[in-house]
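Residue numbers start at 1 and run along the sequence shown. The figures that follow rest on heavy atoms only: side chains count, while hydrogens, waters and symmetry mates do not.
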Amino acid sequence: MTVHSRNSASAGVGRREIENRSVRWDPSRAGDAYARGLWVRETLAEALDRAALSTPDRVLIVDGEIELTAADLRRRALVLAARLLERAPRGAVVSFMLPNWHEAALIYLATTLAGMVAHPILPSLRDRELKFMLDDVDSRLIFVPADLRGHDYVAMMDRVVADLPSPPEVVVLRGPAGRHTAFEVLETGDIAPLPMLEPDAVRMILYTSGTTGMPKGVMHTHNSIHALVRQLQAHWLIEPGDVFLVPSPVSHIGGSIYAFEIPLLLGTTAVLMERWEADPGLTLMRRHGCTHMAGATPFLEQLLAAAKSADDNLPDLKVFICGGAAVPPSLIRAAADWFAKARVTRVYGSTEVPVTTVGVLEAEAVDLAAETDGRPGVAEVHLIDADEAVAETGEVRARGPQMLVGYLHPEDEATVFDADGFYRTGDLGRWDDGCLVISGRAKDIIIRKGENIAPKEIEDILVTHPRIAEIAVVGLPDVTTGERACAVIVPRDGEAPNVIELGAFLREAGLASFKIPEQVAVLDALPKNDAGKVLKHVLRADLTRGAA
C-alpha cells in the first residue's frame, strides 16, 4: 500500500549481532513482519526437507535435458553441504560465478544447509572486480566454470588467487580443474550433521554498483528473502505447478529467487536458460508450458518479435514482469495485446529493496501497467522533496520486510538510510493513481541490458590513459540495450583514443566487457559548475540532442 505520510513510530533502527555479523535491526518492524507471516521461523532447509518428503518426484529445476527432483536436490545438497563444512566454518562465505546451471542451485542450497553465506557473482565480471569482491567478502570457496563462451576461468582464477592475501579454494565445474579442485570431488562422500539455522541471519551477499565506483556488498537474510517470495505469491498469480522460464542471471536477486527459492516455497518449476536467445526461449516456453517470465526490456522485445514471427500467442503464459531499465509503454501494450492470456507489467526495485513495486496485473488496467512502474507491494514508499518533506514528486525512498539488513561494511550506510529507516534509492519519481512512475535518477548509474554500471569505476581507469586529460562516462538512451555508455574525452596533446583502443585498455585493466563504453565523444573541455563538478546532465542532454 502506498504511504503518503511520514511515520517515525517505528524509527528504532539499531544494530544487532547475529552469527557474528552486524545487521540493521528495528524490533518494532521485525515484530510486525513476524506477525504478518512475512518473516517466519522456518528456513529454506525445512522447506527442502518438506518438499523431498511430500513430493519427492516433483521436478524443481530443468537445465536442458537434466531434471532435478525434490529428492535429487536434497540428496545432492546434503552431500555437498557436508564437504563445505569440512573446508570452512559455519558463517563463511561461499562464492559462485556460474551461469544459469543446475549446479548453481545445488551450491546455493548446500551453502544454506551448511549455515554459510552464499555470494553469487556475475560470470561476465573479470579479474579486477573479482579480486575486489573475493577479498572484500573474505570468500572461502569459489565455484567457477572451466570455460564459458571462450573465456578461460581456470587461468583467470590462477591470476586472481595469486594476488589475494587469503585466497579461497577454487572449485571448477564442467571441465579440467588444473591445479584447483574438481566439482566432482565435493559431490562424493557421506552426509553429516548440519547446524540449526537462524532465520534472521545473513544468508546471501550480492554486490551492487554505486556512485562511488567500487561495488558494495548487500546483505539479505532468510527472512528478507522469504518476505520477497510471499509478496510475489500474493501479487504475481503464482500457484503450485506453475513454471518459470529463468533467463535472468541467477547471480542477480531476481534470477536467484525464481530459480532457487520459489520452486521450494511455492511449488513451482524453474526452467533455466544459460543465455537468453529469443527463439530457443520461445521453444522452451512451448515445451514446458511456462507460465511466468521476468526480464529486462530487451528480453520482452525479443520474445514478442519471436512469438509474432512464429505466430505463437503463448497460451500458457500468465505473467511477464518487465524491469531493470526504461520500459516503453508501447511495448507493454503490444505484448499484452499479443500474448493470449498474459498480464504484462512494469516493476521497479533494486538489490537493496527487491521488487519495491509489484506492477499492475488487473486485466482491465493495461494503461497503468504500461504507463507506470506499478503499485508498492509489502514495501512502504515515500517520495521526498528537497525540503525533506513527503510530496507527490521527489526522491524515491523505500523500506519493507524484504529490504537489505545493511551493507557488508556499516560505514557504507552513512548516507544510504534516512532517519526513519527508509532506503534512499537515488531515483526520482511521481505518483499516478496510486502507482509509482520513475522519472529519472539522481544516482549516476548506467543501466545497460538490466546490468548496473558505475561510471566512476570506468573513469578511475580511463583517467590513467596517457592520451586522456579528462574523462566523463555518461549513459545515453539506446533502443536495444536501454542505455549505452559513452566516454566523453578531453584528449591530452593529441588525438583521443577511439572505441576499439578504449576497449582494449579497459580489458587490459581487467574490466568486464559489458561495462566498456560503446561510444566516444571528444570535447575541448567538460562542462563544470563553479565548484569544478562535471555537469553530466548537460553532457547527456547535448549528446542526446546530437544523436537525434
Flag side-chain contact, heavy atom, 4.5 Å: [X] against [Y]:
| X | Y | result |
| --- | --- | --- |
| H102 | L73 | no |
| I489 | L502 | yes |
| E129 | P215 | no |
| L78 | L113 | yes |
| C486 | L543 | yes |
| R21 | L408 | yes |
| D136 | M133 | no |
| I18 | T221 | no |

Nearest 0.5 Å, what's the [atom1]-[atom2] distance between [X] and [Y]?
| X | Y | atom1 | atom2 | answer |
| --- | --- | --- | --- | --- |
| T269 | L60 | OG1 | CG | 6.5 Å |
| H292 | L245 | NE2 | CG | 12.5 Å |
| K216 | D412 | NZ | CG | 5.5 Å |
| T480 | K449 | OG1 | NZ | 8.0 Å |
| I447 | D478 | CD1 | CG | 13.5 Å |
| H119 | F143 | NE2 | CZ | 13.5 Å |

- How would you list all residue pairs meeting salt bridge (charged side-chain N to carboxylate O under 4.0 Å, His left out) that involve residues 99-120, not counting sequence neighbours?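 Passing the test, one end in residues 99-120: E103-R174.
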
Under 3.5 Å: donor-acceptor pair, side chain of [X], backbone of [Y]:
| X | Y | result |
| --- | --- | --- |
| W39 | P401 | yes |
| E395 | G426 | yes |
| T283 | D279 | yes |
| E413 | Y407 | yes |
| T425 | V396 | yes |
| E274 | P99 | no |
| N100 | V250 | yes |
| R90 | E19 | no |

For [X], check ring pair (Phe, Tyr, Trp, His ring centres under 6.0 Å) against everything at least two apart and list the hits.
| X | answer |
| --- | --- |
| H409 | none |
| F505 | H465 |
| Y153 | H151 |

- Message: side-chain contact (heavy atoms from CB on, under 4.5 Å) for F417 and R399? Distances and angles first, verdict last.
- Response: CA-CA 9 Å; F417 299 96; R399 71 179 183 189; over 6 Å; no

Count the heavy atoms belonging to other residues, nucleotides or ligands that lie under 6.0 Å from [atom1] of [X], then report whether that count exceeds 12.
| X | atom1 | value |
| --- | --- | --- |
| R275 | CZ | no |
| E508 | CD | no |
| E411 | CD | yes |

- Candidates R179, R83, R140, R87 - the one meeting salt bridge (charged side-chain N to carboxylate O under 4.0 Å, His left out) with E169: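 Considering R179, R83, R140, R87, a salt bridge (charged side-chain N to carboxylate O under 4.0 Å, His left out) with E169 is found only for R87.
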
Quick one: closest heavy-atom pair of [X] and [Y], and the distance?
| X | Y | answer |
| --- | --- | --- |
| V499 | P517 | CG1-O, 4.0 Å |
| L134 | S95 | CD2-OG, 3.6 Å |
| W276 | G281 | CZ3-CA, 3.9 Å |
| T208 | E352 | CG2-OE2, 3.2 Å |
| H220 | M403 | CE1-C, 3.8 Å |
| P176 | V154 | O-CG2, 3.6 Å |

- Query: Under the side-chain hydrogen bond (donor to acceptor under 3.5 Å, both in side chains) rule, what pairs show up with a residue in residues 247-258, not counting sequence neighbours?
  - Reply: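 Every side-chain hydrogen bond (donor to acceptor under 3.5 Å, both in side chains) pair that includes a residue of residues 247-258, provided the two are not neighbours, is H252-E451.
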
- Item | Audit row: I121, L130, side-chain contact (heavy atoms from CB on, under 4.5 Å) steps and yes/no | CA-CA 8 Å; I121 306 174; L130 187 56; 3.7 Å; yes

Using a strict 4.0 Å threshold on nitrogen-to-oxygen distance, state whether [X] and [Y] make a salt bridge.
| X | Y | value |
| --- | --- | --- |
| R74 | D49 | yes |
| E261 | R203 | yes |
| R159 | D127 | yes |

- Task: In sequence, state the C-alpha distance, the side-chain angles, and the governing distance for V229 and I257, and then conclude on side-chain contact (heavy atoms from CB on, under 4.5 Å).
- Result: CA-CA 7 Å; V229 171; I257 297 303; 3.9 Å; yes

- Item | Working for side-chain contact (heavy atoms from CB on, under 4.5 Å), residues R15 and R24 | CA-CA 5 Å; R15 301 204 74 84; R24 291 172 56 81; 3.5 Å; yes

Could you list the donor-acceptor pairs under 3.5 angstrom formed between side-chain atoms of residues 186-202 and any protein atom two or more places apart in sequence or on another chain?
{"unit_1": "E187", "atom_1": "OE1", "unit_2": "R76", "atom_2": "NH2", "d": "2.9"}
{"unit_1": "E187", "atom_1": "OE2", "unit_2": "R76", "atom_2": "NE", "d": "3.1"}
{"unit_1": "E187", "atom_1": "OE2", "unit_2": "R76", "atom_2": "NH2", "d": "3.2"}
{"unit_1": "T188", "atom_1": "OG1", "unit_2": "V185", "atom_2": "O", "d": "3.2"}
{"unit_1": "E198", "atom_1": "OE2", "unit_2": "D200", "atom_2": "N", "d": "2.9"}
{"unit_1": "D200", "atom_1": "OD1", "unit_2": "Y34", "atom_2": "OH", "d": "3.2"}
{"unit_1": "D200", "atom_1": "OD1", "unit_2": "N223", "atom_2": "ND2", "d": "3.0"}
{"unit_1": "D200", "atom_1": "OD2", "unit_2": "Y34", "atom_2": "OH", "d": "2.8"}

